[in-house]
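Okay, so here's the structure we're looking at.
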Amino acid sequence: MTTGKQVVGVHRTASLRTAGGVLVLAVLSGVAGPQAYGAGDGERERRSAEVLRELVPTADGPGCAAAVGRRGAVVWEAGRGKADLATGRAITPKTVFDMASNSKQFTADAVLLPAGRHRLSLDDPLSDYLDDPPAWARDVTVGDLMRHTSGIPDYQDLLEAEGIGLTDPAGQREAIAAIRASRPEDPPGKRFSYSNSNYVLLAHVVEKVTGQPFAAFLQREFFTPLHLRMVMSPAVEVPGKAKSYAEKDGSFTPDSSPWKPYGDGSVQTTPGEMVRWADNYRTGRVGGPELLTGVTRGAVNVGDVLRGRGIEEGRYGAGMLLLPDNSLVHRGDWEQFHSTFKVAPDRNTAVTVVCNADAPDHFSAANRLLDIWSR
């Protein structure tokens, strides 16, 4: 399985503290349907449905769901394929998916929020937030973690090197212990190198600063104020969630892991809720101007990391990749959940596409949908 260091947005761990079944039910029930867009929406809907059919040629196997948002309103959403092969449950706009590394933007924003309140600084050394920190932690800043320039190895590789596989139990404590026992592979601040370790550590920083469990902080500061039906919850059966399937020789088998580190992924929600969230990049309703400027301030060039994957260049900021045309994009891959999240250059339109089995064209499908609805 591809590691997080090789592709921006790859996330192999189920992340984030379990929120509890009652909260999950309350947060994820009753997802809203499409709202009016305006003249010509029938043609846009027809073309969008065609994009989804091409992405998921048959509705009998696992599939994908997609949504388009315009200034916070869901203007189109649909699903195709099966959320659960055993029961035949179909993917619909209400189907919940693990957004994998598309969760990193929430973690980054959870750091920018207290930074805007002067409770921490992106220039703070990591050592300020670790008990008995290793010597190298004095040279890594919070900003290095956010921009993937810390040089810290990916904890997923570190755990597997210790013999802890994806089918073995592992949580935040094990992940941070493995990170502390390692050391940066590159001098901090010198080079972009995508590592899930960075965002696990950022979640730890937020907990240290706020004194709250990370998932609870996100719920209180982001999800509830924006009326988002989302929850951060790892390795649990969320009501209405699609199952993840691995494919081999035309057959599908469930693919899941009990890993529970958090901060690097595991927002559980629908594509429609993701595009509703995207409007915060336009309004700054949560976080204000400090958060909006913080998303792209200090973004670093990712070099040739994305060559051959539909993106020739870009700069990584706060949990998002900033493209030359000023659009924002990220992707996520965990188990066999694969997602693309993209926000238009003018921040008015956003798209999310997520699948529950391998779907190589989900990134290009998101681009096509954004083109359809941005014109």
Side-chain angles (χ1 to χ4, degrees), residues 15-17 71-72 99 101-130 137 140-150 188-189 192 198-228 230-232 262-265 267 269 273-300 314-322 326-330 341 343 345-348 350:
S15 359
L16 322 163
R17 193 181 305 271
R71 289 177 165 255
M99 294 296 160
S101 282
N102 270 308
S103 310
K104 283 185 170 67
Q105 57 196 291
F106 298 100
T107 303
D109 289 351
V111 173
L112 291 175
L113 204 61
R117 297 167 180 169
H118 307 291
R119 299 185 64 185
L120 64 83
S121 168
L122 299 188
D123 294 326
D124 289 345
L126 172 61
S127 55
D128 285 358
Y129 302 99
L130 291 177
V140 175
T141 68
V142 172
D144 287 329
L145 299 176
M146 186 175 293
R147 295 184 288 267
H148 293 293
T149 56
S150 70
F192 174 87
N198 294 313
Y199 277 70
V200 164
L201 290 169
L202 286 178
H204 178 77
V205 169
V206 171
E207 291 184 330
K208 281 287 189 179
V209 171
T210 66
Q212 299 179 55
F214 185 63
F217 179 79
L218 285 183
Q219 192 69 52
R220 183 171 67 85
E221 297 286 352
F222 291 93
F223 302 158
T224 297
L226 293 174
H227 306 289
L228 296 170
M230 297 182 172
V231 68
M232 294 191 91
Y262 54 90
D264 52 340
V267 162
T269 192
E273 293 299 280
M274 284 295 292
V275 299
R276 290 185 59 236
W277 148 254
D279 201 45
N280 202 64
Y281 288 111
R282 179 182 67 88
T283 66
R285 180 179 168 189
V286 170
E290 307 272 349
L291 187 143
L292 291 180
T293 57
V295 168
T296 55
R297 184 191 299 125
V300 297
R315 293 183 296 125
Y316 200 96
M320 292 293 288
L321 187 70
L322 180 68
N326 199 44
S327 61
L328 297 171
V329 66
H330 211 286
F341 173 82
V343 185
D346 63 4
R347 305 293 184 263
N348 285 322

Using 30° and 60° as the class boundaries, would you call the ring planes of Phe106 and Trp277 parallel, tilted or perpendicular?
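Taking Trp277 first and then Phe106, their aromatic rings sit tilted (interplane angle of 30° to 60°).
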Any donor-acceptor pair under 3.5 Å linking the side chain of [X] with the backbone of [Y]?
X: Arg285; Y: Pro225; value: yes
X: Ser101; Y: Gly265; value: no
X: Tyr129; Y: Asp124; value: no
X: Arg71; Y: Arg282; value: no
X: His148; Y: Asn198; value: no
X: Ser103; Y: Val267; value: yes
X: Ser150; Y: Leu145; value: no
X: Glu273; Y: Leu228; value: no
X: Glu290; Y: Gly287; value: no

Would you indicate whether the side-chain heavy atoms of [Y] and [X] approach each other to under 4.5 Å?
X: Arg347; Y: Leu328; value: yes
X: Asp109; Y: Tyr281; value: yes
X: Met274; Y: Gln105; value: yes
X: Met146; Y: Leu112; value: yes
X: Met232; Y: Phe222; value: no

At what distance, to the nearest 0.5 angstrom, does [atom1] of [X] lie from [atom2] of [Y]?
X: Leu218; Y: Thr224; atom1: CG; atom2: OG1; result: 10.5 Å
X: Gln212; Y: Arg220; atom1: CD; atom2: CZ; result: 4.0 Å
X: Lys104; Y: Tyr199; atom1: NZ; atom2: OH; result: 7.5 Å
X: Arg297; Y: Leu122; atom1: CZ; atom2: CG; result: 7.5 Å
X: Arg119; Y: Lys208; atom1: CZ; atom2: NZ; result: 14.0 Å

Listed by chain and number, what are the side chain to side chain donor-acceptor pair (under 3.5 Å) partners of Arg315, not counting sequence neighbours?
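For Arg315 there are no side chain to side chain donor-acceptor pair (under 3.5 Å) partners, ignoring immediate neighbours.
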Val140 and Pro188: which non-hydrogen atoms are nearest, and at how many Å?
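Smallest heavy-atom distance, with atoms named: CG2-CG, 3.7 Å.
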Considering all heavy atoms, the nearest Tyr262-Ala203 contact
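Taking Tyr262 first and Ala203 second, the nearest heavy atoms are O-CB, 3.8 Å.
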How about Tyr316 and Phe192: are their ring centres within less than 6.0 Å of each other?
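Ring centres of Phe192 and Tyr316 closer than 6.0 Å.
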